[in-house]
There are 2 protein chains.
Amino acid sequence: MPSPRRHTAAAGPAPRRRRSRGELERRLIVDAALAVSAREEGYEGLTFQALGDELGVHPTAIYRHFRDKDELMLTLVEAIHAEVLAGLPPPGTDWAADLRLLALRSYEVFLRFPAISQVAAVRTTRSENEFQVVERIVGCLQRAGFDDADAAVYYRAFSDVLLGYVALDAGFAALRPATREGDLRAWSVNYRSLPAERFPGLAATAALIPAVADPANFTTALDLLIEAIRARAGKGGERCEAGTGPAAGR
Amino acid sequence: MPSPRRHTAAAGPAPRRRRSRGELERRLIVDAALAVSAREEGYEGLTFQALGDELGVHPTAIYRHFRDKDELMLTLVEAIHAEVLAGLPPPGTDWAADLRLLALRSYEVFLRFPAISQVAAVRTTRSENEFQVVERIVGCLQRAGFDDADAAVYYRAFSDVLLGYVALDAGFAALRPATREGDLRAWSVNYRSLPAERFPGLAATAALIPAVADPANFTTALDLLIEAIRARAGKGGERCEAGTGPAAGR
DNA sequence: ACCTGAACACCGTTCAAGT
DNA sequence: ACCTGAACACCGTTCAAGT
């Protein structure tokens, strides 16, 4: 029998109902791509083929609406930022609580789309929703009492830790299941059977180390970071600024 | 003229001197792969084709020594861990200084190989050198005065922040140059021209935000993290440490 | 204007064939 | 035992052709 180079329509998953002409738009493509991303394994699982199947359309039809995969991906990130902002209460009176909530919300929403987040954490979309998220973080740090220069420096460090954690845990979630389970097993098996003479610390603690990509790990790191920022804010200018109200102006 | 599907020997970069039979070993492949990784852009730049060229050998010859690209990559990570350990002085008297040095050294060495680190940060190699690095970190936290359970929890958080930062900055370094420069420009242009009415915080601070992937950013985050860990350790077990550190300024 | 189909230049991986 | 060459099942992307 002939072996087709590409799987035929019969072999692949049944395509959605075929769309009539002109029905395809960026909005539809974004939604379909998010659906595929939530389901598929890694960024390379988000395929024009899979996306075409999801939309009931030829894979290359997408190129009419997005220049390339990178432009599509950046648009998806903006959509994720929108979702982050949509679920976020307005800033309250406690800058640290606001900062913490924003980070937790971002982490949680991004990790719903590991295939994208794995690759998106590194990028800057430079568009509206991203601007708003950054503005929120900077605002928290100004309210903490830092001057503009310090707020800028801590913005970058805080944001990097957040995005780095997203990249890490999303990357883990995006692994092929067999790979992921193998790596998990390393911690529940290999690390727990090391010789105590050569690895005294691990012999005592290995069984107590939390699992890779457990969301509690991010919370631990986040709280440490906020404690340290708070401590530094206290040492610096905070007390002369404390009474001046939420509009830190400039 | 015929357009060959694959670039011919004449079209590609001149292969290194052809090796005689049996000269190929894992050690040689690892070195060549590290060389390619330091030069190439992303993980997909580390190609069997490029590696074959570097070695003066047919691309598929590598399969005789490594099961697949994943096994090769994990071996590369072990080699990087070896390099980390080789440049690390033995533990001293100050757990925080030791922890800081280990993190800085890891970050620095991994970032020499962005193509690999981008993908490696997520993984567990479960082999000798990785065990040793983990043992060192756990040891620092035990010396800080934490009990085993706390040491285990803080190990994971600390290690995640380190690896997340590596993933983030390596991912950025591994971007195609045009993409990387475009993203940098976002911060030096787009973020600096936002309307002050809608983005008061950014209007004041955008010009002061450090560049993406500036290594100083990691140092800032690292010092914050260690300060917080030290503070928590002080509350629990050991307090005799408070004044000793050489003023962890940023 | 919008979508399809075929083609192109790649990938990683397998396998029979050479030495 | 070790390497080569050809093939396979994918990728993203381009482009002429259809409607």
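Residue numbering restarts at 1 for every chain, and letters A, B, ... go by the order of the sequence lines.
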Tell me every residue that passes ring pair (Phe, Tyr, Trp, His ring centres under 6.0 Å) with B/Phe218, counting only those two or more places apart in sequence or in another chain. B/Tyr107, B/Tyr165
Got a sec, which pairs hit ring pair (Phe, Tyr, Trp, His ring centres under 6.0 Å) with one end in residues 25-46 of chain A, sequence neighbours left out? none
Qualifying salt bridge (charged side-chain N to carboxylate O under 4.0 Å, His left out) pairs, either residue in residues 206-216 of chain B, two or more places apart: none
Protein-nucleotide distance (A/Ile62, atom CD1; C/dC2, atom P), rounded to Å: 15 Å
Would you say B/His58 reaches D/dA6's phosphate, i.e. side-chain N/O to OP1/OP2 under 4.0 Å? no
If you check every side-chain atom of A/Thr47, which of D/dT4, C/dC11, D/dC11 has the closest atom? D/dC11
Specify the residues of residues 171-181 of chain B, ordered by number, for which at least one heavy atom lies under 4.0 angstrom from an atom of DNA chain C. none
Heavy atoms only, 4.0 Å cut-off, all strands: where does A/Leu72 land among base, sugar-phosphate and nothing? nothing
So, does the side chain of A/Thr60 form a donor-acceptor pair with the base of C/dG5 at under 3.5 Å? yes
Dot-bracket for DNA chain D, please, read 5' to 3', with Watson-Crick or G-U wobble pairs under 3.5 Å on both distances, ( ) within the strand, [ ] crossing, | other strand, . unpaired. ||.|||||...|||||.||
Whole angstroms only, please: what is the CG-C1' distance between B/Asp68 and C/dT13? 9 Å
Given that A/Pro59 and B/Pro59 both sit by DNA chain D, which one's nearest nucleotide is further toward the 5' end? B/Pro59
In whole angstroms, the gap separating C1' of D/dT14 from CZ of A/Phe66 amounts to 19 Å
Apply side chain to side chain contact (heavy atoms under 4.5 Å, CB included) to A/Leu175 and B/Arg123, showing your working. CA-CA 9 Å; A/Leu175 291 175; B/Arg123 306 296 306 278; 3.9 Å; yes
Only distances under 3.5 Å count here; give the side-chain donor-acceptor pairs of residues 132-141 of chain B to other protein atoms, sequence neighbours excluded, each with its distance to 0.1 Å.
residue: B/Gln132; atom: NE2; partner: B/Glu128; partner atom: OE2; Å: 2.6
residue: B/Glu135; atom: OE1; partner: A/Gly201; partner atom: N; Å: 3.3
residue: B/Glu135; atom: OE1; partner: A/Leu202; partner atom: N; Å: 2.9
residue: B/Glu135; atom: OE2; partner: A/Gly201; partner atom: N; Å: 2.7
residue: B/Arg136; atom: NH1; partner: B/Pro89; partner atom: O; Å: 3.1

Between D/dT13 (P) and A/Leu51 (CG): distance, integer Å: 12 Å
Do A/Glu44 and B/Glu44 pass the side chain to side chain contact (heavy atoms under 4.5 Å, CB included) test, and can you show the C-alpha distance, the side-chain angles, and the key distance before you say yes or no? CA-CA 11 Å; A/Glu44 58 289 320; B/Glu44 58 287 320; over 6 Å; no
Measure from CG on B/Leu55 to P on D/dC3 and round the result to the nearest Å. 10 Å
Would you kindly give the CZ-to-C1' distance between B/Phe48 and C/dA9, to the nearest whole Å? 19 Å
Taking atom P of C/dT19 as reference, at what distance in whole Å does atom CZ of B/Arg64 sit? 16 Å
Spacing between B/Lys69 atom NZ and C/dT13 atom P, to the nearest angstrom: 8 Å
Any residue meeting ring pair (Phe, Tyr, Trp, His ring centres under 6.0 Å) with B/Phe48, in chain and number order, not counting sequence neighbours: B/Tyr63
Got a sec, which residues hit side-chain contact (heavy atoms from CB on, under 4.5 Å) with A/Glu108, two or more places apart in sequence or on another chain? A/Arg105, A/Arg112
From C/dT14, D/dT4, D/dG12, nucleotide with atom closest to B/Tyr63 side chain: C/dT14
Run the side-chain contact (heavy atoms from CB on, under 4.5 Å) test against B/Leu34 and tell me which residues pass, sequence neighbours left out. B/Val30, B/Leu76, B/Ala79, B/Ile80, B/Phe113, B/Ile116
